[in-house]
Amino acid sequence: MKELPKIYDPKQVESRIYRYWMDGHWFHAERDPDKKPFTIVIPPPNVTGQLHLGHAFDETIQDVLTRWKRMSGYATLWLPGVDHAGIATQIKVEEVLRKEGLTRFDLGREKFLERVWDWKNQYGNRIVEQLKTLGSSCDWDRQRFTMDAQCAKAVREAFCSLYEKGYIYKGKRIINWCPHCTTALSDAEVEYVEKKGFFWHIRYPLTDGSGSLEVATTRPETMLGDSAVAVNPEDPRYKDLIGKTVTLPLVGREIPIVGDEHADMEFGTGCVKITPCHDPNDFEVGLRHDLPQYLMLDGEGRITGGYKWDGMDRYEARKAIVAELEEQGYLVSIEPCTHNVGTCYRCHNDVEPLASDQWFVKMEPLAKEAIRVVEDGEVRFVPDRFAKTYLNWMHNVRDWCISRQLWWGHQIPVWYCEDCGKMTVAREDPCECAHCHSKRIHQDSDVLDTWFSSALWPFSTLGWPEKTEDLDYFYPTDVLVTGYDIIFFWVARMIFSGCEHTKKPPFHTVLIHGLIRDPQGKKMSKSAGNGVDPIQVINDYGADALRFNIITGNSPGNDMRFYPERCEAMRNFANKLWNASRFVMMNLSIEKNQLPETLALEDKWILSKFNDLTREVGENMDKYELGIAAQKIYDFIWDSLCDWYIELCKARLSGEDKAANIQAQKVLLYVLTETLKLLHPFMPFITEEIYQALPHEGEALMIQDYPVWREELSFPAESERLEKVLDAIGAIRSRRSEMNVPPSRRPHLFLTTEDPAAFESGRDYLCRMAMLENMTILPAAPEDAGGMVTIATRFAVCYLPMNELVDMEKERARLTKELEKNRGFLENQYRKLANEKFISRAPAAVVQTEKDRAQALEALIANLEESLRQLG
RNA sequence: GGGAGCAUAGCUCAGCUGGUUAGAGCACAUGCCUUACAAGCAUGGGGUCACAGGUUCAAGUCCUGUUGUUCCCACCA
């Protein structure tokens, strides 16, 4: 046993535990055949910007869950992902390259990847530091995973197996292309900005000379790529023209008029020019009507395709083309408008939709199973409303474009033969074409979407596609913890990938949490400069306080604003626990944690209360209601344990009675130790530190059993009796405060009650806590009670000879007011009980509590009336 | 356009499947350095639960509508 320092210093406490952790022998995930496996998966922190508090959420929740599960007899493991920020990292690297006047092409792939690794390591280490400081107990080796051979193997297996089933195909599709960065962007990387622009109305003459159609466009230069004009087949103005052709101005190309739903009769002229290569909708229209595709822009946004504007920038060409249209009389009008323009989120230049060859995963067969497992409840979302978000997306899912024109990531395992032109798809790098055995082959230069490998995370980290012991023991995993912003990107893809590759959903529960926002409610981001550094918060208040702050005070799935003041409150709570523990230790002479043979009334009360708490906490944790569980433990420690029980014990601890002293010590030590266990998952550092200082068995608090409800510690009747005394203490304190009685004034208390035994056994602490000289229990109301202050409670009437402090008129007024108030309540009760429908329809238990309540009110009113009568 | 969330004390938020006189922290007021803790103790003030209907013996809680607000998805020729 050792002493706790007088001052609680989170830094000191937490650095000490951190050293233990570094030794590694407490916090190691392991297989244990005697225990049930429990696995958690958390999403990768986004390392685009500086790390901020938002990322602490996943880690904290999963760590609370892991510790709790471990203490509840599970072998636990969590799979943290910190390596999946491929695109973001590349962007960072490109920024640096640009500063150095280089492009990735100058460096070559190898050098470029080296540079990426630098960044990755830098950010990765920062994350490790954060995780450690938060107290996370993960298995670190799994972090350095994504780009290593194991991950690459899994990715190739997944790709090839999907390909062999015909679920992967290559096709043309419209992608977002940044002509400045000369790269494709995912939908998520495109920022839509409202910009001022124009509608150019252009006349397309019918080829047979019988008139013309008018189309409107915001990008007139794309007319070079037009291959049709669409009208709505229901449109009475144009439906007779379907099948005829128009002649494309300036180009002279003859293009058909097609009927398609895409043309909105209400919008513009009702005619739409169709440019399959440069607009996603037009692309679809083109497929439906089997239209030719004319590519008219190159990768740097210049006109291409054999026109006289070839090589000209698209905006220059726009001016030239509009001028020529006007000159030749095809331009009908120019109308100013505002429209949303997609821009590159890096360089903020306009992106161009461009048709190009991409790899796709066919989603329909995969989505079917992914929908089923959620609908059948094999995968459950917590809170369940997020299942709707998921299903909504999955029902409308489009084929997944998995190729990226980046240098960072897993290269697509496809080789093209330069002789026969055929493709070879292989798990191992081939040295020859599978078809003609030519050695002249080259690998596809595209890489896979970062989410393709992320989707395999729950099983690839465990060794898949090999049949490993880890995979066998920990898969399927149990809980995925993540923010709602990542449901589409990752959760959905993990689910269908797991179902497809392992034939099992990768987890049974998806625990969704909200986002942490700044005090103004804004999302934390680097550009806004409002990110809060978790390490800084930890330095100021401690990791325990931060963890507790994050876990409590909001409901699952809702966003939470971060206030440093709330952290302070949590730090104060830790301090409270620290000091309570110090108090227990100062009074400790026993060396073994063991409950005494006999228990005092207040012992039974606190044990009973603690016992109920364990049951409630267990129930809340089972339902993933971490915040509620933590709040209940907080309330128990501060209110029940510190404010009441420790105060109640002081009489015995400072008294002459040796046996009573030991008895109190034993109960105090027991309750404190068990409470530390309950709190440990939420505040691992301080609880461990205190536990180590107390007489204890076993190496660490973390590996103790989590407390559960025990029949032999349940004393409901005794608890109720003590509550009666506490109620009286509260009432007397309240009256004293109202009357401004100085603490030094210690009157003698006379009281009448129906439960004298309860008050007799509580004499000492009643006098101490209500600041009384002594107490006499009377069999009946005193004769001369008119000369005393009377305080009527539900279980006793207290008489205090302090009437010189009281203005009798004010006292009468107060009593009358209180009487009236309670009569009002009672009247309500009577009305309720007189209601025939209530009696017959409400459950019996509810009716009974209402009856009890009425009875208690009757007693209280009788007491008040008696007091008034005696006042005269 | 489709979907979801939120609206409760001055501030930030709890309030689970309807059932006491709606709670907590912070802030505020009053009195206390009571030998664990002033990062504390005791006591107190403060709410027409956004608005309007409905269901029910009973509504902060369930249903419908309205208003305000936040977010996601899609579209914008």
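First the proteins, then the strands, lettered A, B, ... as listed; each starts at 1.
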Self-check item: Closest-nucleotide 5' rank along RNA chain B - winner of A:Asp279 and A:Asn575
Solution: A:Asn575

Quiz item: With a 4.0 Å cut-off on heavy atoms, is A:Ala216 in touch with a base, just the backbone sugar-phosphate, or nothing at all?
Solution: sugar-phosphate

Exercise. Classify the nucleic acid contact of A:Tyr563 as base, sugar-phosphate or nothing, counting any heavy atom under 4.0 Å across all strands shown.
Key: sugar-phosphate

Self-check item: Worked verdict on A:Tyr204 versus A:Asp226 for side-chain hydrogen bond (donor to acceptor under 3.5 Å, both in side chains)
Solution: CA-CA 11 Å; A:Tyr204 284 13; A:Asp226 283 2; 2.6 Å; yes

Exercise. Applying ring-ring contact (aromatic ring centres under 6.0 Å, His included), name anything that partners A:Tyr390, two or more places apart in sequence or on another chain.
Key: A:Phe381

Quiz item: Does B:rU30 have a Watson-Crick or wobble partner in any strand here, with both distances under 3.5 angstrom, and which is it?
Solution: B:rA42

Quiz item: Want to settle it: does A:Lys388 or A:Glu565 sit nearer the 5' end of RNA chain B, counting the closest nucleotide to each?
Solution: A:Lys388

Exercise. Look through every strand shown and name the nucleotide pairing with B:rC37 as Watson-Crick or G-U wobble, where both distances are under 3.5 Å.
Key: none

Quiz item: Is there a donor on the side chain of A:Arg853 or the base of B:rU20 sitting less than 3.5 Å from an acceptor on the other?
Solution: yes

Practice problem: Check if the side chain of A:Glu850 and the base of B:rA58 share a donor-acceptor pair of N or O atoms closer than 3.5 Å. | Solution: no

Practice problem: Using a cut-off of strictly less than 4.0 Å, decide whether A:Arg385 has a side-chain nitrogen or oxygen near OP1 or OP2 of B:rG5. | Solution: no

Quiz item: Can you find an N or O donor on one side and an acceptor on the other, under 3.5 Å apart, linking the side chain of A:Arg571 with the base of B:rA39?
Solution: yes

